[in-house]
Amino acid sequence: MGLTYAPKTLNPDYAYDPANYFIMDNIYSRLVNYGYDDEVHGDLARNWQKSADGLTYTFHLRSGVKWSDGKPLTSADVMWTAKSIIKEKGYGAAALAGVSAVTAPDAQTVVMKLAQPNSSFLDQLAQRYGWVVLPQHVFDGTDVTSNPANKKPVGSGPFVVTSFTPGSHVELKANPGYFGGAPKTKALSFRFFSSPDAAVTALQSHEIQFIANAPNYASVPTLKKAAGITVETAAATPPTDVWLGFNLARKPLNDLKVRTAIAQALDPGEINDLVYGGTKKVSGTVYDPSSRDYDASARQPAHDVAAANALLDQAGYPKKSGTRFSLTYTGFTASLAGAQQIGEVLKQQLAKVGIGLKVENYDFSIFADKIMQQHDFDITWSGGPHGPDPQTFANYVKTGGNRNAMRYSDPEVDRLFDEAAKSSDASVRSQDYRKIQQIVAKDLPRYTLFQWNYQFAYDSRYSGFWWQNTTGDLPADDYAQVTASG
């Protein structure tokens with residue numbers, strides 16, 4: 001396996017580390033998980049019930065589950081993990097928002113009480129950036145953020161970590177006692193590459209069999225022609241959108257006329273063709289069409305260079321020597337995303353309306369701090385889950401949302417998200433979410449470029465990847481069913 005991110009930790013519960021999400025579902029288990037069908041499936045929980053008032057969720061765990069060190073996994077581990085994440089305000093705490101109490105009445109039962117009804121609670125638990133269950137006997141009484149098990153995990157997933165060298169590789173072997181059945185894959189080795197091209201070269205020479213976070217798009221035509229390599233298109237799960245964010249605290253981006261003109265100057269179809277070879281789908285709307293409660297009428301401004309120039313004149317930014325003003329585009333380096341290439345196309349498109357654009361790209365760790373913590377940007381680029389549950393959109397546009405780099409804040413949007421979460425009426429929720437999309441389309445704090453998918457490249461001898469699973473119940477990045485022929 002090849003990755004062009006190198007994780008610093010193998011524990012996702014306390015700190016955000018994007019690279020470990022490609023690995024963690026092979027090491028740990030959760031209560032529930034999304035399958036490739038975007039439905040919630042049981043993981044450690046074999047079933048569950050919700051109380052009539054929507055405030056209590058009772059999870060019944062699988063029996064006989066053991067940690068990789070041989071100790072039994074019980075409800076006490078689940079309870080301890082949830083309480084620890086809440087206490088430490090870990091990255092996984094967002095998925096536990098609203099939980100007022102967690103109890104373990106017996107070894108196979110976990111009860112979670114909510115302060116108020118939350119129709120999205122199961123979806124929160126199942127999301128990719130949620131949390132995994134940790135062994136209480138390993139972490140309790142320690143500094144959880146520096147515990148050695150963060151780099152040498154004790155898990156309950158289909159594989160067991162045998163070695164981890166940060167910046168180089170992580171080795172895993174099959175867990176024969178895995179509750180889901182012994183993996184067909186006997187061993188996994190994730191190798192970390194400093195550049196997308198290096199990973200592609202390793203795949204072409206069959207040093208690796210798969211690029212876990214997909215190859216850079218410029219290499220896809222060559223890989224499609226390479227002997228012994230297969231390239232397949234797979235939908236993103238959960239539904240994922242790529243978008244541009246505007247820093248609403250900076251002039252002139254705090255002016256809706258300027259944001260509208262920028263949107264009119266953009267041609268996402270051209271970006272799709274030049275950067276991704278036309279493999280993405282441009283929707284023209286603020287939300288993902290494949291997610292629940294999508295409103296196709298919540299459209300963004302259409303591409304119209306003449307209208308953009310006129311609107312910028314009206315906003316008080318006339319052209320002077322061919323330029324109205326200059327902005328900075330800030331992206332991050334990643335193999336599949338094309339952030340730098342997007343920036344270069346944006347530069348050309350905005351030049352047509354007299355906006356100068358400086359393009360800068362950073363390593364992801366620097367980018368995350370610069371954008372999410374310091375809010376030091378004019379226009380930024382990112383992607384992420386936008387469903388299937390519409391409450392996921394709150395991460396991006398609700399006041400204080402953990403992906404709301406724009407610092408957009410609208411009281412009505414906040415109220416509608418809260419109302420939808422509390423409502424048990426699907427029609428009320430749908431109406432609320434559609435109203436949110438209309439407001440965001442009008443306010444334009446961000447601009448959605450297109451729906452994401454993956455161009456996965458792998459050694460043709462292999463099959464059984466999660467997107468090929470006919471039942472759809474495997475989560476993304478689960479390699480337990482992969483087999484080789486020949």
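Note that the coordinates shown come from a computational prediction; the quantities given were computed from them, not determined experimentally.
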Can I get a per-line list of side-chain donor-acceptor pairs under 3.5 Å for residues 127-135, giving both atom names and the distance, sequence neighbours left out?
residue, atom, partner, partner atom, Å
Gln127, NE2, Gln124, O, 3.4
Arg128, NH1, Asp477, OD2, 2.6
Arg128, NH2, Asp477, OD2, 3.4

Tabulate below the donor-acceptor pairs under 3.5 Å that side-chain atoms of residues 106-116 make, not counting sequence neighbours, or state none.
residue, atom, partner, partner atom, Å
Asp106, OD1, Gln108, N, 2.8
Asp106, OD1, Thr109, N, 3.0
Asp106, OD1, Thr109, OG1, 2.8
Asp106, OD2, Thr109, OG1, 3.1
Gln108, NE2, Arg62, O, 2.9
Lys113, NZ, Thr56, OG1, 3.3

For residues 176-185, run the donor-acceptor check on the side chains, cut-off 3.5 Å, and write out each pair with its distance to 0.1 Å, sequence neighbours left out.
residue, atom, partner, partner atom, Å
Thr185, OG1, Tyr479, O, 2.8
Thr185, OG1, Val482, O, 2.6

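In this structure, Tyr28 and Leu10 approach most closely via the heavy-atom pair OH-O, 2.6 Å.
You'll find the ring centres of Trp48 and Tyr57 outside the 6.0 Å limit. Note: Phe332 and Tyr362 fail the aromatic proximity criterion, with ring centroids not under 6.0 Å apart.
One side chain, Glu360 or Thr330, offers a donor N or O that lies under 3.5 Å from an acceptor on the other.
The ring pair (Phe, Tyr, Trp, His ring centres under 6.0 Å) contacts involving residues 388-445 comprise Trp243-Tyr396, Tyr287-Phe393, His386-Phe393, His386-Tyr396, where partners must be two or more places apart or lie in separate chains. Residue pairs satisfying the salt bridge (charged side-chain N to carboxylate O under 4.0 Å, His left out) criterion with at least one member in residues 3-26, sequence neighbours excluded, are listed as follows: Asp25-Arg30. Sequence neighbours left out, the pairs with a member in residues 387-399 that pass salt bridge (charged side-chain N to carboxylate O under 4.0 Å, His left out) are Arg292-Asp389, Lys398-Asp418.
Contact check on Asp288 versus Lys281 returns no salt bridge, with no Lys/Arg side-chain nitrogen under 4.0 Å from an Asp/Glu carboxylate oxygen.
Ring-plane geometry between Tyr16 and Tyr21 is classed as tilted, the angle between the planes lying from 30 to 60 degrees on a 0 to 90 degree scale. Phe210 and Trp466 have perpendicular rings, their planes meeting at more than 60° on a 0 to 90° scale where under 30° would count as parallel.
Put simply, OG on Ser291 and CG on Asp38 are 7.5 Å apart, with the number rounded to the nearest 0.5 Å.
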Check your understanding: Do Gln438 and Ser297 pass the side chain to side chain donor-acceptor pair (under 3.5 Å) test, and can you show the C-alpha distance, the side-chain angles, and the key distance before you say yes or no?
Key -> CA-CA 8 Å; Gln438 291 289 339; Ser297 69; 2.7 Å; yes

